[in-house]
Amino acid sequence: MAETFPETTKQKLSDRLRFYEDIGIGLFYRERNSGSVQESQAVEGAPQLEQKVKEPYLPKKETKVAPVMPATAPPSGKFELPPTDSGPSLFEATNKIENDTLLKIREDLGDCKRCRLHKTRHSIVFGDGNPKAQLVFIGEGPGADEDEQGLPFVGRAGKLLTQMIEAMGLQRKDVYICNVVKCRPPQNRPPEKDEVAECSPFLFRQIDTIAPKVIVCLGATAAKTILNTERGISQFRGEWLEFRGRKLMVTYHPAYLLRNPAAKSDVWKDLQKVMTELGLTVKRKSS
Ligand code: SF4
(Lines give C-alpha, C1' and ligand atoms only; values in the text may rest on other atoms or scores of the structure.)
Protein backbone atom coordinates (compact mmCIF):
# COMPACT_ATOMS: atom_id res chain seq x y z
CA MET A 1 0.00 0.00 0.00
CA ALA A 2 1.33 3.39 -0.91
CA GLU A 3 2.75 5.28 2.06
CA THR A 4 1.44 8.77 2.64
CA PHE A 5 2.98 11.67 4.53
CA PRO A 6 1.22 14.67 6.03
CA GLU A 7 1.28 17.73 3.76
CA THR A 8 3.55 19.65 6.14
CA THR A 9 6.10 16.83 6.10
CA LYS A 10 5.96 16.67 2.30
CA GLN A 11 6.49 20.42 2.07
CA LYS A 12 9.42 20.29 4.48
CA LEU A 13 10.98 17.42 2.60
CA SER A 14 10.48 19.20 -0.70
CA ASP A 15 12.09 22.41 0.66
CA ARG A 16 14.99 20.42 2.05
CA LEU A 17 15.59 18.57 -1.20
CA ARG A 18 15.43 21.82 -3.13
CA PHE A 19 18.03 23.32 -0.79
CA TYR A 20 20.34 20.32 -1.29
CA GLU A 21 19.93 20.63 -5.04
CA ASP A 22 20.81 24.32 -4.83
CA ILE A 23 24.02 23.53 -3.00
CA GLY A 24 24.97 20.90 -5.53
CA ILE A 25 23.75 17.71 -3.83
CA GLY A 26 21.35 16.31 -6.34
CA LEU A 27 21.06 12.55 -6.16
CA PHE A 28 18.61 11.06 -3.69
CA TYR A 29 16.71 7.80 -3.71
CA ARG A 30 14.07 6.21 -1.59
CA GLU A 31 15.18 3.00 0.11
CA ARG A 32 12.60 0.32 -0.70
CA ASN A 33 13.00 -1.88 2.37
CA SER A 34 12.79 0.65 5.15
CA GLY A 35 10.56 3.09 3.34
CA SER A 36 12.66 5.90 4.73
CA VAL A 37 14.26 8.54 2.57
CA GLN A 38 18.01 8.33 2.44
CA GLU A 39 20.57 10.42 0.68
CA SER A 40 22.47 8.91 -2.19
CA GLN A 41 25.46 6.94 -1.11
CA ALA A 42 27.17 8.27 -4.19
CA VAL A 43 27.29 11.75 -2.69
CA GLU A 44 29.97 12.02 -0.13
CA GLY A 45 29.39 14.66 2.52
CA ALA A 46 25.65 14.86 2.10
CA PRO A 47 24.05 15.15 5.54
CA GLN A 48 21.53 12.60 6.70
CA LEU A 49 18.07 13.97 6.00
CA GLU A 50 16.44 12.95 9.22
CA GLN A 51 19.48 13.44 11.42
CA LYS A 52 18.46 15.11 14.64
CA VAL A 53 20.72 16.50 17.30
CA LYS A 54 19.31 16.27 20.79
CA GLU A 55 19.95 19.34 22.84
CA PRO A 56 22.21 20.22 24.37
CA TYR A 57 24.54 19.03 21.66
CA LEU A 58 28.20 18.73 22.41
CA PRO A 59 31.14 18.48 20.10
CA LYS A 60 32.59 15.00 19.99
CA LYS A 61 36.03 16.14 20.90
CA GLU A 62 37.79 19.29 21.94
CA THR A 63 39.85 20.80 19.19
CA LYS A 64 42.49 23.44 19.45
CA VAL A 65 41.13 26.90 18.89
CA ALA A 66 44.04 29.28 18.69
CA PRO A 67 45.82 30.45 16.74
CA VAL A 68 43.44 30.33 13.85
CA MET A 69 44.94 30.76 10.45
CA PRO A 70 43.31 30.76 7.09
CA ALA A 71 44.71 28.78 4.22
CA THR A 72 45.98 32.01 2.78
CA ALA A 73 48.16 32.94 5.74
CA PRO A 74 51.06 35.12 4.65
CA PRO A 75 54.63 33.73 4.62
CA SER A 76 55.26 35.05 8.13
CA GLY A 77 52.76 32.45 9.30
CA LYS A 78 50.90 35.11 11.22
CA PHE A 79 47.49 35.88 9.83
CA GLU A 80 46.30 39.37 10.49
CA LEU A 81 42.66 40.21 10.60
CA PRO A 82 41.54 42.64 7.95
CA PRO A 83 43.13 45.87 9.12
CA THR A 84 41.23 48.01 11.53
CA ASP A 85 40.24 51.15 9.72
CA SER A 86 39.41 53.36 12.64
CA GLY A 87 40.89 52.73 16.04
CA PRO A 88 40.20 49.80 18.34
CA SER A 89 37.38 47.50 17.35
CA LEU A 90 34.13 47.84 19.18
CA PHE A 91 34.57 44.35 20.44
CA GLU A 92 37.91 45.13 22.02
CA ALA A 93 36.38 48.21 23.57
CA THR A 94 33.64 46.22 25.29
CA ASN A 95 34.71 44.63 28.54
CA LYS A 96 33.35 41.34 29.73
CA ILE A 97 30.83 41.59 32.54
CA GLU A 98 31.00 38.95 35.26
CA ASN A 99 27.89 36.81 35.86
CA ASP A 100 26.03 38.42 32.98
CA THR A 101 22.88 36.73 31.69
CA LEU A 102 20.72 37.19 28.61
CA LEU A 103 17.87 38.25 30.87
CA LYS A 104 19.99 40.96 32.46
CA ILE A 105 21.20 42.16 29.07
CA ARG A 106 17.60 42.38 27.85
CA GLU A 107 16.63 44.27 30.99
CA ASP A 108 19.53 46.68 30.52
CA LEU A 109 18.48 47.25 26.91
CA GLY A 110 14.97 48.13 28.10
CA ASP A 111 12.80 50.21 25.79
CA CYS A 112 15.98 51.34 24.10
CA LYS A 113 16.16 54.77 22.50
CA ARG A 114 19.93 54.98 22.31
CA CYS A 115 19.93 55.54 18.56
CA ARG A 116 17.56 56.93 15.91
CA LEU A 117 16.43 53.46 14.82
CA HIS A 118 14.00 53.37 17.72
CA LYS A 119 11.82 55.96 15.98
CA THR A 120 10.70 53.66 13.18
CA ARG A 121 10.80 50.24 14.78
CA HIS A 122 7.83 48.17 15.89
CA SER A 123 9.83 45.64 17.89
CA ILE A 124 13.25 45.26 19.41
CA VAL A 125 14.60 42.03 17.95
CA PHE A 126 16.86 40.91 20.76
CA GLY A 127 17.83 37.41 19.58
CA ASP A 128 16.48 33.92 19.77
CA GLY A 129 17.62 30.39 20.45
CA ASN A 130 19.61 28.27 22.84
CA PRO A 131 21.22 30.45 25.56
CA LYS A 132 24.03 27.87 25.79
CA ALA A 133 24.43 27.37 22.05
CA GLN A 134 27.80 26.37 20.72
CA LEU A 135 26.95 28.06 17.44
CA VAL A 136 25.81 31.66 17.08
CA PHE A 137 24.69 33.25 13.82
CA ILE A 138 24.93 37.03 13.54
CA GLY A 139 23.13 38.97 10.82
CA GLU A 140 22.99 42.64 9.97
CA GLY A 141 19.66 43.81 11.33
CA PRO A 142 15.96 42.98 11.41
CA GLY A 143 13.87 43.25 8.26
CA ALA A 144 10.16 43.91 7.95
CA ASP A 145 9.02 40.43 9.04
CA GLU A 146 11.41 40.42 11.98
CA ASP A 147 10.33 43.91 13.03
CA GLU A 148 6.73 42.76 12.98
CA GLN A 149 7.27 39.49 14.87
CA GLY A 150 10.12 40.55 17.17
CA LEU A 151 12.17 37.51 16.14
CA PRO A 152 15.33 37.29 14.04
CA PHE A 153 15.41 35.69 10.59
CA VAL A 154 11.74 34.81 10.14
CA GLY A 155 11.21 36.09 6.58
CA ARG A 156 12.30 34.48 3.33
CA ALA A 157 15.96 34.80 4.21
CA GLY A 158 15.14 33.33 7.62
CA LYS A 159 13.51 30.32 6.01
CA LEU A 160 16.67 29.74 4.02
CA LEU A 161 18.79 30.11 7.17
CA THR A 162 16.60 27.46 8.83
CA GLN A 163 17.25 25.14 5.90
CA MET A 164 20.98 25.77 6.22
CA ILE A 165 20.85 24.97 9.93
CA GLU A 166 18.85 21.80 9.33
CA ALA A 167 21.23 20.75 6.56
CA MET A 168 23.92 20.85 9.25
CA GLY A 169 21.91 18.33 11.25
CA LEU A 170 20.72 20.93 13.75
CA GLN A 171 17.50 22.70 14.54
CA ARG A 172 16.99 26.39 15.13
CA LYS A 173 16.52 25.76 18.85
CA ASP A 174 20.04 24.32 18.98
CA VAL A 175 21.69 27.58 17.88
CA TYR A 176 21.38 31.26 18.80
CA ILE A 177 20.52 33.86 16.17
CA CYS A 178 20.87 37.62 16.54
CA ASN A 179 21.85 40.77 14.65
CA VAL A 180 24.33 43.60 14.88
CA VAL A 181 21.52 46.11 15.46
CA LYS A 182 18.28 45.17 17.17
CA CYS A 183 15.93 47.60 15.43
CA ARG A 184 15.05 47.64 11.75
CA PRO A 185 16.83 50.34 9.74
CA PRO A 186 14.33 52.22 7.50
CA GLN A 187 14.01 50.72 4.00
CA ASN A 188 16.40 47.99 5.15
CA ARG A 189 19.40 50.27 4.64
CA PRO A 190 22.67 49.17 6.29
CA PRO A 191 22.94 50.40 9.86
CA GLU A 192 25.10 53.50 10.27
CA LYS A 193 28.26 53.64 12.31
CA ASP A 194 26.80 55.51 15.28
CA GLU A 195 23.83 53.10 15.39
CA VAL A 196 26.18 50.13 15.41
CA ALA A 197 28.29 51.80 18.09
CA GLU A 198 25.26 52.19 20.37
CA CYS A 199 23.83 48.72 19.80
CA SER A 200 26.79 46.39 19.42
CA PRO A 201 27.89 46.40 23.09
CA PHE A 202 24.68 44.49 23.81
CA LEU A 203 25.50 42.02 21.03
CA PHE A 204 28.97 41.50 22.47
CA ARG A 205 27.53 40.91 25.94
CA GLN A 206 25.23 38.29 24.38
CA ILE A 207 28.21 36.58 22.77
CA ASP A 208 30.21 36.65 26.00
CA THR A 209 27.28 35.22 27.94
CA ILE A 210 26.40 32.47 25.49
CA ALA A 211 30.10 31.68 25.03
CA PRO A 212 29.68 29.76 21.77
CA LYS A 213 32.46 27.73 20.28
CA VAL A 214 31.83 29.10 16.80
CA ILE A 215 30.35 32.35 15.51
CA VAL A 216 29.09 32.60 11.95
CA CYS A 217 28.77 36.12 10.57
CA LEU A 218 26.14 36.35 7.88
CA GLY A 219 27.03 38.91 5.27
CA ALA A 220 29.32 41.85 4.82
CA THR A 221 27.77 44.23 7.33
CA ALA A 222 27.98 41.89 10.29
CA ALA A 223 31.51 40.91 9.33
CA LYS A 224 32.72 44.45 8.74
CA THR A 225 31.25 45.56 12.05
CA ILE A 226 32.81 42.81 14.08
CA LEU A 227 36.14 42.95 12.27
CA ASN A 228 36.03 46.74 12.03
CA THR A 229 37.15 46.79 8.43
CA GLU A 230 36.04 48.19 5.11
CA ARG A 231 37.51 45.29 3.16
CA GLY A 232 35.25 43.26 0.92
CA ILE A 233 33.74 40.07 2.28
CA SER A 234 35.42 38.02 -0.46
CA GLN A 235 38.79 38.68 1.17
CA PHE A 236 37.96 36.72 4.29
CA ARG A 237 34.80 34.68 3.56
CA GLY A 238 35.23 31.00 4.30
CA GLU A 239 38.42 31.44 6.33
CA TRP A 240 38.70 30.77 10.02
CA LEU A 241 39.31 33.91 12.00
CA GLU A 242 39.75 34.28 15.71
CA PHE A 243 37.45 36.59 17.54
CA ARG A 244 38.07 37.11 21.22
CA GLY A 245 39.06 33.49 21.77
CA ARG A 246 36.28 32.09 19.59
CA LYS A 247 36.36 30.83 16.07
CA LEU A 248 34.66 33.09 13.58
CA MET A 249 33.52 32.17 10.09
CA VAL A 250 32.18 34.77 7.69
CA THR A 251 29.83 33.60 4.99
CA TYR A 252 27.20 35.09 2.71
CA HIS A 253 23.90 36.38 4.06
CA PRO A 254 20.86 34.23 3.17
CA ALA A 255 19.27 37.31 1.55
CA TYR A 256 22.25 37.43 -0.83
CA LEU A 257 21.73 33.73 -1.57
CA LEU A 258 18.13 34.40 -2.53
CA ARG A 259 19.42 36.79 -5.18
CA ASN A 260 22.45 34.66 -6.10
CA PRO A 261 21.58 30.96 -5.65
CA ALA A 262 24.88 29.94 -7.26
CA ALA A 263 26.66 31.11 -4.10
CA LYS A 264 24.89 28.46 -2.00
CA SER A 265 27.60 25.91 -2.70
CA ASP A 266 30.21 28.31 -1.25
CA VAL A 267 28.10 28.73 1.88
CA TRP A 268 27.70 24.98 2.18
CA LYS A 269 31.49 24.58 2.07
CA ASP A 270 31.79 27.18 4.86
CA LEU A 271 29.14 25.42 6.94
CA GLN A 272 30.85 22.08 6.50
CA LYS A 273 33.96 23.60 8.09
CA VAL A 274 31.80 24.75 10.98
CA MET A 275 30.29 21.26 11.30
CA THR A 276 33.75 19.73 11.46
CA GLU A 277 34.78 22.19 14.16
CA LEU A 278 31.68 21.37 16.20
CA GLY A 279 32.12 17.63 15.76
CA LEU A 280 28.85 17.32 13.89
CA THR A 281 28.85 14.22 11.76
CA VAL A 282 27.52 13.81 8.27
CA LYS A 283 26.65 10.48 6.76
CA ARG A 284 29.50 9.27 4.59
CA LYS A 285 29.62 6.83 1.77
CA SER A 286 29.64 3.35 3.28
CA SER A 287 32.52 1.12 2.26
S1 SF4 B 1 19.18 49.68 17.31
FE2 SF4 B 1 19.96 49.09 19.29
S3 SF4 B 1 20.77 50.98 20.19
FE4 SF4 B 1 19.41 51.56 18.51
S5 SF4 B 1 17.43 51.90 19.50
FE6 SF4 B 1 17.46 49.76 18.76
S7 SF4 B 1 18.15 48.56 20.51
FE8 SF4 B 1 18.66 50.71 20.92
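Order of appearance sets the numbers: ligands from 1, and atoms from 1 within every ligand.
When Arg121, Arg189, Arg184 are each tested for a salt bridge (charged side-chain N to carboxylate O under 4.0 Å, His left out) with Glu195, only one passes: Arg189.
Among residues two or more places apart in sequence or in another chain, the side-chain hydrogen bond (donor to acceptor under 3.5 Å, both in side chains) test is passed with Asp100 by Arg205.
Counting only protein N, O or S atoms, the number found under 2.8 Å from atom 2 (Fe) of ligand 1 is 1.
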Let me see the working for Trp240 and Val214 under side chain to side chain contact (heavy atoms under 4.5 Å, CB included), right down to the final yes or no. CA-CA 10 Å; Trp240 279 121; Val214 175; 3.8 Å; yes
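Lys182 and Gln206 form a side-chain donor-acceptor contact under 3.5 Å, judged by distance and modelled atom types alone.
Under 4.0 Å is where a charged nitrogen must lie from a carboxylate oxygen, and between Arg156 and Asp145 no such pair does.
Aromatic ring centroids of Phe153 and His253 lie under 6.0 Å apart.
Contacts with ligand 1 closer than 4.0 Å are made by side-chain heavy atoms of Arg121 only, the backbone lying farther away.
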